[in-house]
Amino acid sequence: GNVIPDAWKWHSAKHGGTAGPTSATSRNNLSENVDTLAAQAGAPDAVLLHIGVNDLAANYQTPASTFISWTNVIERLVTDLPESKIVATTLIYGNIAYSTRLAQASSITTFNELVRDFFENDKPASWSNVILLDMNTLVGTYADKEADEGITYNASNDYLHPDWWGHDQMAEGWLAAIKSNYSANGADSTFASAGGFP
């Protein structure tokens with residue numbers, strides 16, 4: 001919801017959605033409309049994907065069904081945007097002790113295990129432009145906040161969504177993943193220059 005002047009010229013974001021179908025008609029179900037969103041995006045340099053928290057937080061889906069929706073979304077992105085780089089992530093934790101929306105931390109733990117195992121053992125060859133950023137491991141947990149480490153959350157909201165510092169940490173992780181996987185290896189220097197990444 002924060003306004004960044006002229007950001008619309010280079011970036012587009014969708015938030016508040018779910019990876020798959022839910023009972024909430026107000027939710028933006030990515031697995032059903034990802035083709036439309038991809039067409040609207042044109043040919044982005046990179047697609048950053050952190051989806052599934054809303055599915056699990058509201059108990060719309062199980063970890064297994066959320067994982068299926070997650071893979072379906074990525075498969076559609078791979079098909080619709082063959083020239084785009086896709087950086088998918090594991091899911092971050094909320095502050096389980098305080099969050100009123102995320103009843104079981106085990107749901108995100110299970111989902112993340114499914115994602116990591118899939119990328120290690122079953123990632124399709126067609127997903128060559130897709131990498132996994134282990135955001136959950138990268139940003140730590142809410143408990144780390146006392147040591148000024150790890151992600152921090154918006155206490156005035158729901159202890160589930162990051163505050164500005166949490167978002168900053170996530171952005172640093174995405175940028176590092178893009179630079180190390182897509183621009184620093186020499187195999188895709190045009191992406192580095194065209195996308196503006198150092």
Side-chain angles (χ1 to χ4, degrees), residues 1 12-41 46-81 84 86-124 126-127 129-142 150-151 153-154 157-163 166-167 170 173-174 177:
S12 177
K14 297 293 180 183
H15 60 86
T18 57
T22 73
S23 58
T25 56
S26 61
R27 287 293 187 185
N28 180 13
N29 176 356
L30 286 177
S31 64
E32 289 185 354
N33 65 14
V34 66
D35 294 322
T36 300
L37 294 173
Q40 292 172 349
V47 177
L48 311 179
L49 201 62
H50 183 272
I51 58 170
V53 173
N54 286 331
D55 302 72
L56 298 173
N59 293 319
Y60 289 132
Q61 296 192 76
T62 65
S65 61
T66 300
F67 172 73
I68 292 172
S69 297
W70 184 86
T71 55
N72 288 341
V73 168
I74 297 177
E75 183 62 34
R76 294 311 311 157
L77 289 171
V78 167
T79 301
D80 293 342
L81 304 172
S84 300
I86 300 170
V87 185
T89 71
T90 55
L91 298 181
I92 60 173
Y93 288 117
N95 182 352
I96 308 304
Y98 292 95
S99 177
T100 59
R101 294 179 57 190
L102 192 58
Q104 296 183 7
S106 59
S107 294
I108 284 183
T109 299
T110 301
F111 174 85
N112 286 344
E113 288 172 351
L114 290 170
V115 168
R116 293 183 187 110
D117 181 69
F118 177 79
F119 264 80
E120 183 175 344
N121 300 305
D122 300 309
K123 177 183 172 183
S126 60
W127 287 28
N129 277 351
V130 183
I131 63 168
L132 176 67
L133 170 60
D134 195 346
M135 191 71 80
N136 178 269
T137 299
L138 176 70
V139 301
T141 66
Y142 186 89
I151 202 161
Y153 292 87
N154 186 348
N157 186 11
D158 58 8
Y159 288 97
L160 182 62
H161 294 84
D163 61 9
H167 280 110
M170 293 179 73
W174 263 313

[X] [atom1] to [Y] [atom2] distance, which is reported to the nearest 0.5 Å:
X: Asn129; Y: Leu77; atom1: CG; atom2: CG; value: 11.5 Å
X: Trp127; Y: Phe118; atom1: CH2; atom2: CZ; value: 4.0 Å
X: Phe119; Y: Leu132; atom1: CZ; atom2: CG; value: 5.0 Å
X: Leu133; Y: His50; atom1: CG; atom2: NE2; value: 9.0 Å
X: Phe67; Y: Asn112; atom1: CZ; atom2: CG; value: 11.0 Å
X: Leu91; Y: Phe111; atom1: CG; atom2: CZ; value: 4.5 Å

Applying the side chain to side chain contact (heavy atoms under 4.5 Å, CB included) test to Ile86, which of Leu48, Val73, Val130, Ile131 qualifies?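 Only match with Ile86 under side chain to side chain contact (heavy atoms under 4.5 Å, CB included): Val130.
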Matching residue for Val47 among Leu81, Val87, Asp80, Ile74 - test: side chain to side chain contact (heavy atoms under 4.5 Å, CB included):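 That would be Leu81.
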Looking at every non-hydrogen atom in both residues, tell me the closest pair between Pro63 and Ser107 and how far apart they are.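 Result for this residue pair: CG-O, 3.5 Å.
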Write down the atom of Ala19, the atom of Gln61, and the distance for their closest heavy-atom approach.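 Shortest heavy-atom contact: C-NE2, 4.4 Å.
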Just so I know, are the side chains of Thr89 and Trp174 near enough to count as touching, which here means a heavy-atom distance under 4.5 Å?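 They are in contact (side-chain heavy atoms under 4.5 Å apart), so the answer is yes.
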Donor-acceptor check, side chain of Thr90 to backbone of Met135, threshold 3.5 angstrom: yes or no?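 Yes, because the side chain of Thr90 sits within donor-acceptor range (under 3.5 Å) of the backbone of Met135.
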Side chains of Thr18 and Asn54: do they bring a donor and an acceptor to under 3.5 Å?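 Result is no, nothing qualifies.
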